[in-house]
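In this chain, residues are counted from 1 in sequence order. Just so you know, these numbers come straight off a predicted model, no measurement behind them.
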Amino acid sequence: MIVSYDIDGVLAAQPPQCEIKWGKMNGVQRKARKDFLYDWYENAEKLIEPIEPQFYAISARKKEPRIHTITKDWLNKYYGGRVISFHLLDNTRTVENVVRFKSEQVLELGIQRHYEDNKKVLRGMRKLLPQTVELYFWERGMQEPVPFIK
């Protein structure tokens with residue numbers, strides 16, 4: 001079975017939400033948030049151990065060179081040789097864009113099962129993907145992922 005996992009909130013601990021929305025931050029605040037995220041991504045706690053020997057990782061992390069490198073290094077550290085490839089969002093991070101991006105990746109890669117921690121994203125994906133694609137919900141504290149039923 002071809003599977004994919006979300007990174008933040010499933011494979012890695014989710015960074016805490018920022019109190020100030022990105023669009024309302026000034027330059028200093030944006031730089032501080034980016035630096036915080038770089039550090040978080042580099043040192044994120046590993047959460048789940050996929051049962052599959054190989055899998056894809058699909059994330060709403062921004063597709064930019066430094067985040068790409070940090071993500072690649074983190075995945076290699078905790079899942080070395082098991083990640084077929086990973087895919088990062090190349091658009092503004094809105095629920096709609098994340099749903100579209102992740103759904104497109106699932107279809108392009110021929111993924112049959114996707115694990116996700118965001119129910120809004122799962123609801124959107126369910127509307128865009130064929131029923132043959134299995135969607136699973138998992139969040140910290142759960143023993144096992146559960147099928148996502150709309």
Apply side-chain contact (heavy atoms from CB on, under 4.5 Å) to the pair Gln14 and Asp117, showing each step before the final yes or no.
-> CA-CA 10 Å; Gln14 178 92 353; Asp117 71 315; 3.9 Å; yes

Evaluation steps, side-chain contact (heavy atoms from CB on, under 4.5 Å), between Tyr5 and Trp138 | CA-CA 10 Å; Tyr5 286 81; Trp138 187 86; over 6 Å; no

Between Val133 and Arg113, does a side-chain contact (heavy atoms from CB on, under 4.5 Å) hold up when you go through it step by step?
-> CA-CA 6 Å; Val133 175; Arg113 179 182 293 162; over 6 Å; no

ILVMFWY cluster, Met1 and Ile48 together (side-chain gap under 4.5 Å) = yes

Is the gap between the ring centers of Phe55 and Tyr115 under 6.0 Å?
-> no

More than 12 foreign heavy atoms under 6.0 Å from NZ of Lys63: is that the case here?
-> no

Do Arg82 and Glu49 sit within salt-bridge range, that is, some charged N less than 4.0 Å from a carboxylate O?
-> yes

Nearest heavy-atom neighbours spanning Ala13 and Trp40 | O-NE1, 3.0 Å

What one should report as the nearest heavy-atom pair of Lys62 and Ile67 is O-CG2, 3.4 Å

Looking only at heavy atoms, which two atoms of His87 and Tyr56 are closest? And how far apart?
-> NE2-CD2, 4.0 Å

One should read off an interatomic distance between Glu116 CD and Ile7 CD1, to the nearest 0.5 angstrom, of 11.0 Å

Following the transitive rule for hydrophobic clusters with a side-chain heavy-atom cut-off under 4.5 Å over Ile, Leu, Val, Met, Phe, Trp and Tyr, establish whether Val146 and Ile51 coincide in one cluster.
-> no

Is the closest side-chain heavy-atom distance between Lys119 and Arg123 below 4.5 Å?
-> yes

Got Thr71 and Arg61 here, is their nearest side-chain heavy-atom distance under 4.5 Å?
-> yes

Name the one of Leu129, Val121, Leu135 that satisfies side-chain contact (heavy atoms from CB on, under 4.5 Å) with His114?
-> Leu135

Atom NZ of Lys46: over 12 foreign heavy atoms under 6.0 Å = yes

Taking ring-ring contact (aromatic ring centres under 6.0 Å, His included) as the test, write out the residues that go with Phe86, two or more places apart.
-> His68

Considering all heavy atoms, the nearest Leu75-Ala57 contact = CD1-CB, 4.3 Å

is_close_aromatic(Phe148, Phe137), centroid dist under 6.0 Å = no

